[in-house]
Amino acid sequence: MNSTDRRKDTVYDEATIKTRLAEELPNWYFENGWIRRKYKTSGWKSTLMVINTVGHLAEAAFHHPDISASYAFVVVKLMNHAAKGVTDKDFELARKIEDVVMWQPGLIEGGSLEGTPDDPRFKYIKYD
């Protein structure tokens, strides 16, 4: 096992997790051994899109969250099951999920992609 492998499996204590979340992922929180994020959506179709997006990213990373969903929200929970705690793998996947799900091309990047219109017929996710 090289040093990179050990780093990925280092389990962080609660204080370190909360500090990192505040600095790196302010919309995520720590509860009962998991880092978590609740994404509010505009309805069932959007909820399914978020679930599928998280599923794709998790499968690509080969690191799988627990997901809970209802009509207009998705809760993502991350904890490294093998390490029995929160590790760098969780922070890295959370960052990727956050970047993709909360992407707003019209506001952030400009260019040709305009983003979802501010119209109830086309709403996707409730951005923070």
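This is a predicted model, so every value here is computed, not measured.
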- Query: Regarding Arg20 and the six-membered ring of Phe91, is the cationic atom NZ or CZ under 6.0 Å from the ring centre and inside 45° of its axis?
  - Reply: yes
- When rounded to the nearest 0.5 Å, the distance separating CG of Leu57 from CZ of Arg95 is 12.5 Å
- Whether over 12 other heavy atoms sit under 6.0 Å from Lys96 NZ: no
- Rounded to the nearest 0.5 Å, how far does NZ of Lys89 lie from NE2 of His63? 7.0 Å
- Could you list who else is in Val75's hydrophobic cluster, with ILVMFWY side chains joined at under 4.5 Å, directly or through other members? Phe73
- Task: Find the distance between CD1 (Ile67) and OH (Tyr39) and round it off to the nearest 0.5 Å.
- Result: 10.5 Å
- Task: Write down the atom of Leu78, the atom of Pro65, and the distance for their closest heavy-atom approach.
- Result: CD2-CB, 3.5 Å
- Item | Trace of the side chain to side chain donor-acceptor pair (under 3.5 Å) decision for Asp128 with Asn27 | CA-CA 8 Å; Asp128 299 325; Asn27 293 305; 3.0 Å; yes
- Message: Side chains of His64 and Glu59, heavy atoms from C-beta outward: is any pair under 4.5 Å?
- Response: yes
- Note on the structure: Those residues at least two apart in sequence (or on a different chain) that pass side-chain hydrogen bond (donor to acceptor under 3.5 Å, both in side chains) with Glu23 are none
- Task: Check the pair Ile97, Val76 against side-chain contact (heavy atoms from CB on, under 4.5 Å), reporting the backbone distance first and the verdict last.
- Result: CA-CA 9 Å; Ile97 291 167; Val76 179; 4.2 Å; yes
- Taking Ser42 for its side chain and Lys123 for its backbone only, find out whether a donor-acceptor pair lies under 3.5 Å. yes
- For Tyr12 and Ile17, work out which heavy atoms get closest and say how close. O-CD1, 3.4 Å
- Query: If you group Ile, Leu, Val, Met, Phe, Trp and Tyr by side-chain heavy-atom gaps below 4.5 Å, do Tyr29 and Val50 land in one group?
  - Reply: no
- Starting at OG1 of Thr16, measure out to CD of Glu14 and round the result to the nearest 0.5 Å. 10.0 Å
- Task: Could you tell me whether a side-chain N or O of Asp90 sits under 3.5 Å from a main-chain N or O of Thr87, the two making a donor and an acceptor?
- Result: yes
- Co-membership, hydrophobic cluster, residues Leu48 and Tyr71, 4.5 Å side-chain: yes
- Within the side chain of Asp9, is there an N or O that forms a donor-acceptor pair under 3.5 Å with the backbone of Ala83? no
- Item | side chain to side chain contact (heavy atoms under 4.5 Å, CB included) against Lys126, all qualifying residues, sequence neighbours excluded | Lys40
- Where Thr47 and Ala69 come nearest, the two heavy atoms and their spacing: CG2-CB, 3.9 Å
- Interatomic spacing from CD in Glu24 to CD1 in Ile35 - rounded to 0.5 Å: 9.5 Å
- Item | Distance, nearest 0.5 Å, that separates CH2 of Trp28 from CG of Leu21 | 9.0 Å
- Query: Should we say atom NE2 of His56 is surrounded by more than 12 heavy atoms from elsewhere, each under 6.0 Å from it?
  - Reply: no
- Query: Counting distance only, does the side-chain N/O of Ser70 pair as donor-acceptor with the main-chain N or O of Ala72 below 3.5 Å?
  - Reply: no
- Heavy-atom closest pair, residues Met79 and Lys84: SD-C, 3.9 Å
- Task: State, yes or no, whether a side-chain contact exists between Trp103 and Leu113 at a heavy-atom distance under 4.5 Å.
- Result: yes
- Query: Under 4.0 Å between a Lys/Arg side-chain N and an Asp/Glu carboxylate O for Arg37 and Glu98?
  - Reply: yes
